[in-house]
Amino acid sequence: MPHRFFYDGPFDTDQLLLDGSEAHHLLHVLRMRTGESVLLFNGTGAEAEGVITNTSRKSAEIQVTARHAAQISAQVPLILATAVPKGDRFRWLVEKAAELGVTKLVPLLTERSSVDPGENRLKKLQQTIVSAAKQSGQIQLMELAEVQSWDEFLSAVSQTECRLLIADPKGSRIDLFKPAKNSETAVVILIGPEGGFSPEEIQTALNQGAEAVRLSEGILRVETAAILFAGLMRLTEPRVDA
């Protein structure tokens, strides 16, 4: 199978110019040459097959040979709203969430949060999302939202139809075989910081119809709980086209 590359734009012309980090990977890591085939995706569900026709030190020209229209994902929309762990653990969380096909990741500021990633750090993580999509075969890029406060996020969620799940050591064990009421309803997962959500935050979520879920008998790190929870949802979800 051809190597996959992310192209930031539409596939509306027959000749595309690949530059930046993706061109660097093609030219100087994989050492690909003219005549070789590639597969491009633009993060919106569309893909294009092509052949390298010309290269320079920093770019590669691609002749499009076939286009695949944007596909509608068969996966249920999955939103992961999580407190931000310390250090490089957040980058790992973002990478694995993108590999799992999480639709949107929202960094949360809660009562006990100790980390605010900041706008610049979030921008740098975009390349991590692209790399994860390439590695895992995802055709749509995970959206990394701006940092939101707990109240701000819950207020926005209350205006939408979704299944709201909050990680809580006092909650019930998740029923993997429980049939979904609506196979197309978005699932929203809430993960707290070290020390967990405050009792007031949990109660606020429950008042909005959230289900409290216990993931483990032990206490999990933020990133472990987030990826475990997202993985369980992807493993057990019904497919939209089923």
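- With contacts defined as side-chain heavy-atom distances shorter than 4.5 Å, the pair L80/L100 does not qualify.
- In this structure the side chain of T53 reaches within 4.5 angstrom of the side chain of Q15, judged on heavy atoms.
- Put simply, the side chain of E111 never gets that close to the backbone of E201: no donor and acceptor are under 3.5 Å apart.
- Only one option out of V187, T185, T103 pairs with V76 in a side chain to side chain contact (heavy atoms under 4.5 Å, CB included); it is V187.
- For H28, the ring-ring contact (aromatic ring centres under 6.0 Å, His included) partners are H24, not counting sequence neighbours.
- Formation of a donor-acceptor pair under 3.5 Å by the R112 side chain with backbone atoms of F197 is found in this model.
- Closest approach of L164 to A205, counting heavy atoms only: CD2-O, 4.3 Å.
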>> With side chain to side chain donor-acceptor pair (under 3.5 Å) as the criterion, how do N42 and T44 come out once you've worked through the C-alpha distance, each side chain's angles and the decisive distance to 0.1 Å?
In response: CA-CA 6 Å; N42 61 10; T44 66; 2.7 Å; yes
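- For S158 (side chain) and S155 (main-chain N/O), a donor-acceptor pair under 3.5 Å exists by modelled atom type.
- When side chains are defined from C-beta on, Q127 counts as touching V130, because their heavy atoms get closer than 4.5 Å.
- Residue pairs meeting the side-chain hydrogen bond (donor to acceptor under 3.5 Å, both in side chains) criterion with at least one member in residues 216-225, sequence neighbours excluded, are R89-E223, R173-E217.
- Applying side chain to side chain contact (heavy atoms under 4.5 Å, CB included) to L105 and the options L122, L93, I79, I189 leaves one that passes, L93.
- L215 approaches L220 most closely through the heavy-atom pair CB-CD1, 4.2 Å.
- Nearest heavy atom pair, residue E146 against residue P107, reads O-CD, 3.8 Å.
- In terms of heavy-atom proximity, A132 sits nearest to E99 at CB-CG, 3.8 Å.
- Screening residues 31-41 for salt bridge (Lys or Arg N to Asp or Glu O under 4.0 Å), with sequence neighbours left out, gives no hits.
- Applying the ring-ring contact (aromatic ring centres under 6.0 Å, His included) rule to F41 yields the partners F6; only residues at least two apart in sequence or on another chain are considered.
- What you find for I219 and P169 is that their closest heavy atoms are CD1-CG, 4.4 Å.
- Under the 4.5 Å side-chain criterion, counting only non-hydrogen atoms from C-beta, V188 is in contact with F153.
- Contacts classified as ring pair (Phe, Tyr, Trp, His ring centres under 6.0 Å) and involving residues 113-140 (residues at least two apart or in different chains) are not found.
- Taking all atoms of both residues into account, the shortest heavy-atom contact from L16 to T13 is CD2-OG1, 3.4 Å.
- Side chains of H68 and E49 form a contact here, defined as non-hydrogen atoms less than 4.5 Å apart.
- In this structure, F90 and V115 have side chains that are not in contact, with every pair of non-hydrogen atoms separated by 4.5 Å or more.
- Among pairs with a residue in residues 113-122, those fulfilling salt bridge (Lys or Arg N to Asp or Glu O under 4.0 Å) read E119-K123, at least two apart in sequence or across chains.
- L165 has its side chain out of reach of L190: every pair of non-hydrogen atoms, C-beta onward, lies at least 4.5 Å apart.
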>> Pair S113, T110 - check side chain to side chain donor-acceptor pair (under 3.5 Å), show working.
In response: CA-CA 5 Å; S113 288; T110 69; 3.0 Å; yes
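- With hydrogens and angles disregarded, no donor-acceptor distance shorter than 3.5 Å links the side chain of R163 to the backbone of E211.
- Taking 4.5 Å as the limit, every side-chain heavy atom of V38 sits out of range of all side-chain heavy atoms of H3.
- Under a 4.0 Å N-O distance rule, the pair R67/D12 does not qualify as a salt bridge.
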